[in-house]
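In what follows, every heavy atom counts, from backbone to side chain, and hydrogens, waters and symmetry copies are set aside.
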Amino acid sequence: MKKSMIAIALFAIIILSSCSDDSNSPVKTNFQIVSGISNTELSSQIKTTNISALLPSSIDSMHIKRVRVLISRIKLNISNQDKDAFIGPLVYEVTDSSKSISLGNVLVPNGNLSKIKYEFHRFESSVLNNYKNSPVFKDFATNDRYTVIIEGTTFSNNTSTPFIYNSDVVANATIDLANNYQITDDTILKFMLEFQTEYVFVQDGVLVDPSDSSQKNKIDNRIKNALKAIKK
């Protein structure tokens, strides 16, 4: 009987030990980034005295259906030191129906957050085969090696035209936050990186046609700084 009681006690200790094993516990995180989009419906809104802005747009309005960006790195400036938060590749994505998609949760050092930095770069030709069959990365793992893909529809004289805007632009951008935010282990600090569609496609108050090749440089230059950080 005594041996039986000892055996039961040992079995109970083993069970309790396995239940408290740290390897089965979720990893603690304190920072989250999600994607976002400022507006999916765009039109020309001339608010300038610049005469060139009075030239009519070739389109009346635009609907943004999907935005994807190949992110290579996201850094946080915490207490004046850059810390890696996300090392890619990862795809920033937002759609007209899913206007906020999580990019991930991470554990970063405690301190004052003052800046968020992001980078997007083209896949190296040597790694294309690693991603060409991936449902997430395959559209970026082509010989064109795009970094940004924007899908939508333009409207002109009651005629709708679908478009896909592809760009191979690269960027290293810094977002200066309006306030410093304290990062601690007690709560999850959440930010949205919001793609500013008006900034990209409405320039000098006039809607820019993404299918017009003469406008590509204008659009690409805006895309580099199109993400805005919003505290959630």
Is there a continuous path of hydrophobic side-chain contacts, each under 4.5 Å between heavy atoms, that joins [X] to [Y]?
X: Leu90; Y: Val34; value: no
X: Tyr199; Y: Ile150; value: yes
X: Tyr118; Y: Tyr181; value: yes
X: Val108; Y: Ile188; value: no
X: Ile149; Y: Leu70; value: yes

Donor-acceptor pair, distance only, cut-off 3.5 Å: does the side chain of [X] make one with the backbone of [Y]?
X: Thr197; Y: Ser38; result: no
X: Ser102; Y: Gly104; result: yes
X: Thr147; Y: Val169; result: yes
X: Asp212; Y: Ser214; result: yes

Verdict with reasoning, Phe195 to Ile64, per side-chain contact (heavy atoms from CB on, under 4.5 Å): CA-CA 11 Å; Phe195 190 87; Ile64 305 296; over 6 Å; no
Heavy-atom distance under 4.5 Å between the side chains of [X] and [Y], does that happen here?
X: Ile219; Y: Val200; result: yes
X: Val170; Y: Arg122; result: yes
X: Glu151; Y: Pro162; result: no

Can you see which heavy atom on [X] is nearest to which on [Y], and at what distance?
X: Ser156; Y: Ser58; value: OG-O, 3.3 Å
X: Ser35; Y: Leu103; value: N-CG, 4.5 Å
X: Val208; Y: Met62; value: O-CE, 3.4 Å
X: Ser100; Y: Val94; value: N-CG2, 4.5 Å
X: Tyr92; Y: Gly36; value: OH-O, 2.7 Å
X: Ile183; Y: Pro109; value: CG2-O, 3.7 Å

Contacts under 3.5 angstrom, residues 224-231 side chains, donor-acceptor by atom type, not counting sequence neighbours:
none

Worked verdict on Asn180 versus Gln182 for side-chain contact (heavy atoms from CB on, under 4.5 Å): CA-CA 7 Å; Asn180 286 352; Gln182 188 68 27; over 6 Å; no
[X] and [Y]: side-chain donor and acceptor closer than 3.5 Å?
X: Asn157; Y: Thr159; result: no
X: Glu194; Y: Gln196; result: yes
X: Thr40; Y: Asp96; result: no

Got a list of side-chain donor-acceptor pairs under 3.5 Å for residues 132-145, not counting sequence neighbours?
residue, atom, partner, partner atom, Å
Lys132, NZ, Asn129, OD1, 3.4
Ser134, OG, Val136, N, 3.2
Ser134, OG, Phe137, N, 3.2
Asp139, OD2, Arg68, NH1, 2.9
Asp139, OD2, Arg68, NH2, 3.2
Thr142, OG1, Asp144, N, 3.3
Asp144, OD2, Tyr146, OH, 3.4
Arg145, NH1, Phe123, O, 2.9

Derivation and outcome, side-chain contact (heavy atoms from CB on, under 4.5 Å), residues Tyr165 and Asp220: CA-CA 10 Å; Tyr165 184 85; Asp220 282 354; 2.8 Å; yes
Which value, rounded to the nearest 0.5 Å, describes the distance between [X] atom [atom1] and [Y] atom [atom2]?
X: Ser114; Y: Ile175; atom1: OG; atom2: CD1; result: 12.0 Å
X: Leu189; Y: Asn105; atom1: CG; atom2: CG; result: 11.5 Å
X: Leu193; Y: Ile71; atom1: CG; atom2: CD1; result: 7.5 Å
X: Leu107; Y: Asn110; atom1: CG; atom2: CG; result: 8.0 Å
X: Gln32; Y: Lys190; atom1: CD; atom2: NZ; result: 5.0 Å
X: Ser43; Y: Glu198; atom1: OG; atom2: CD; result: 9.5 Å

Test log, rule side-chain contact (heavy atoms from CB on, under 4.5 Å), inputs Phe191 and Leu177: CA-CA 11 Å; Phe191 271 85; Leu177 303 178; 4.0 Å; yes
Sequence neighbours excluded and cut-off under 3.5 Å, please list the side-chain donor-acceptor pairs for residues 79-87, or say none.
residue, atom, partner, partner atom, Å
Ser79, OG, Asn112, N, 3.2
Gln81, OE1, Lys83, NZ, 3.3
Asp82, OD1, Asn77, ND2, 2.9
Asp82, OD1, Lys117, NZ, 3.4
Asp82, OD2, Lys117, NZ, 2.8
Asp84, OD1, Arg73, NH1, 3.1
Asp84, OD2, Arg73, NH1, 3.0

Crowding at NZ, Lys218 (>12 non-hydrogen neighbours, <6.0 Å): no
